[in-house]
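Take a look at the structure below.
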There are 2 protein chains.
Amino acid sequence: MHSPELLKGTLQTIVLKVLKDHGKMYGYEITQRVKELSDDRILLTEGALYPTLHKLEAEGLLKTEIVNIGKRVRKYYNLTTPGKAEARERVTEFVDFIRTMGNVLQVELS
Amino acid sequence: MHSPELLKGTLQTIVLKVLKDHGKMYGYEITQRVKELSDDRILLTEGALYPTLHKLEAEGLLKTEIVNIGKRVRKYYNLTTPGKAEARERVTEFVDFIRTMGNVLQVELS
DNA sequence: TCTTATGCCTAAGACAATTATGTATTAAGC
DNA sequence: GCTTAATACATAATTGTCTTAGGCATAAGA
C-alpha cells in the first residue's frame, strides 16, 4: 500500500478514468478494479468512494442506474457526455502534473 | 498553475529533495527554486511551507542556521543524515506511486 | 513615496480523506 | 446449522494538510 497522502486529490481522476475505460460499473466493482490494476497498492475506502461518486453525479458527470440482483441492489455508474470530457481533462492534468514533479524532483519517470 | 489537489501530500517530498539537490537553503529561496524548476506551475504558499519546515525540523530531518543579512534575518535549512535517507525514500515512494497510477489510469508517463 | 520584492511567522477555515459505524444479502467452510 | 468472509450500499466523526488571511519588517525600484 502506498503512502496514502500521495493519493489525495487523485480519487476523482481515478474514478472518472476507470469508468471511461470499463464503462458501466458499480461502487464495489470500482474498488476491486482499482485494487487489481494497482496490484493491491491502491485500496479505495468506501468512506471516500461513495461520497465522491455522489458528488460527481451531482455535478452531472455521472449518471446512475439501479439494478436488482436477487434481493441485493446494485447502483451502476456511467459517464455522461460532460463526464467523458472531464475524464480526458483530468488525465491530461495528471500527466502534466507528473511531468512537472519530475522536473522539480529531478527524476526520470520511465 | 496546477490543480492544487494533486499537489497534496507532495510538499514534504519536494522540500526534502530540493534541499538534497541544492544544499543549504532558506524558506523563501525554496519557494523560488520550486517556482523556477516547475516553470511557474508550483507556487508554494508560505502558510504551507513554514509549518512543514518546522515539522521536518522537529522530526530531526532538518537542521537550521540563522544568518543576519544586514538587518534582515535568514533561516537556513539543511538536511541531517536521517533527512538525506528520508529524502531518498520519499522520492522512491513517489516514483513507485506514479508507476502505479500509470497502470490504473492506463497512461504512458514519457 | 508607493509598490513590489524579500523574509519570517501564525491562525482560521475549507476540504478530502480515514476511521468507525450501520444495515443487509450471499457464499463458503466447518 | 452456524459462523465467517465477501458482497453491496451508505453516513458521521474525526484527522490532517492545505489555502486563505492575517501580522511584522527591510530593501529596492519606479
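Letters go in sequence order (proteins before strands), and every chain restarts at 1.
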Subject >> For A:Thr80, all residues meeting side chain to side chain contact (heavy atoms under 4.5 Å, CB included), sequence neighbours excluded >> reply: A:Lys63, A:Pro82
**OP:** Please report, rounded to the nearest Å, how far the C1' atom of C:dG7 is from the CG atom of B:Leu53.
**Re:** 13 Å
Subject >> Distance test, side-chain N/O of B:His54 to OP1/OP2 of C:dC8, below 4.0 Å >> reply: no
Original post:
Could you give the CE-to-C1' distance, from A:Met25 to D:dA8, as a whole number of Å?
Top reply: 14 Å
Subject >> Spacing of A:Glu57 atom CD relative to D:dC9 atom P, expressed in whole Å >> reply: 13 Å
Name the pairs: protein N/O against N/O of nucleotides 22-29 of chain D, kept only if under 3.5 Å.
| unit_1 | atom_1 | unit_2 | atom_2 | d |
| --- | --- | --- | --- | --- |
| D:dT26 | O2 | B:Arg72 | NH2 | 2.3 |
| D:dA27 | O4' | B:Arg72 | NH2 | 3.0 |

Subject >> Presence of B:Lys8 side-chain N/O under 4.0 Å of C:dC15 phosphate oxygens OP1/OP2 >> reply: no
Original post:
Between A:Ile66 (CD1) and D:dA10 (C1'), how many Å, whole number?
Top reply: 12 Å
Original post:
Hey, are the side chains of B:Glu65 and B:Val67 touching, using non-hydrogen atoms and a 4.5 Å cut-off?
Top reply: yes
Subject >> Selected nucleotide, minimal atom distance to B:Tyr26 side chain, candidates D:dA8, C:dG7, D:dT17 >> reply: C:dG7
Original post:
Heavy atoms under 4.0 Å, any strand shown: does A:Gly27 hit a base, just sugar-phosphate, or nothing?
Top reply: sugar-phosphate
**OP:** Report yes if the side chains of B:Leu62 and B:Asn78 come closer than 4.5 Å at any heavy-atom pair, otherwise no.
**Re:** no
Original post:
To the nearest Å, how far apart are A:Leu44 CG and D:dA10 P?
Top reply: 15 Å
Subject >> Side chain B:Lys17, main chain A:Leu105, donor-acceptor under 3.5 Å >> reply: yes
**OP:** Starting from the 5' end of DNA chain D, give me the residue, A:Arg74 or A:Gly47, whose nearest nucleotide shows up first.
**Re:** A:Arg74
**OP:** Please state whether the phosphate of C:dC9, meaning OP1 or OP2, lies under 4.0 angstrom from any side-chain nitrogen or oxygen of B:Tyr50.
**Re:** no
Original post:
Will you find, in the side chains of A:Thr64 and A:Glu57, an N or O donor that is under 3.5 Å from an N or O acceptor?
Top reply: yes
Original post:
Given side chains that start at C-beta, do those of B:Tyr77 and B:Lys24 come closer than 4.5 Å, heavy atoms only?
Top reply: no
Original post:
Under 4.0 Å between a side-chain N/O of A:Lys75 and OP1 or OP2 of D:dA10, yes or no?
Top reply: yes
Subject >> Nucleotide nearest B:Thr45 (side chain, heavy atoms from C-beta), chosen from D:dT20, C:dA16, D:dC18 >> reply: D:dT20
Original post:
B:Gln32 side chain to B:Glu29 main-chain N or O, any donor-acceptor pair under 3.5 Å?
Top reply: no
**OP:** Can you tell me the distance, in whole Å, between the CD atom of B:Glu65 and the C1' atom of C:dC8?
**Re:** 16 Å
Subject >> Distance in angstrom units between B:Leu7 CG and D:dT19 C1', rounded >> reply: 12 Å
Original post:
Starting at CG of A:Leu6 and ending at C1' of D:dC18, how long is that distance when rounded to a whole Å?
Top reply: 15 Å
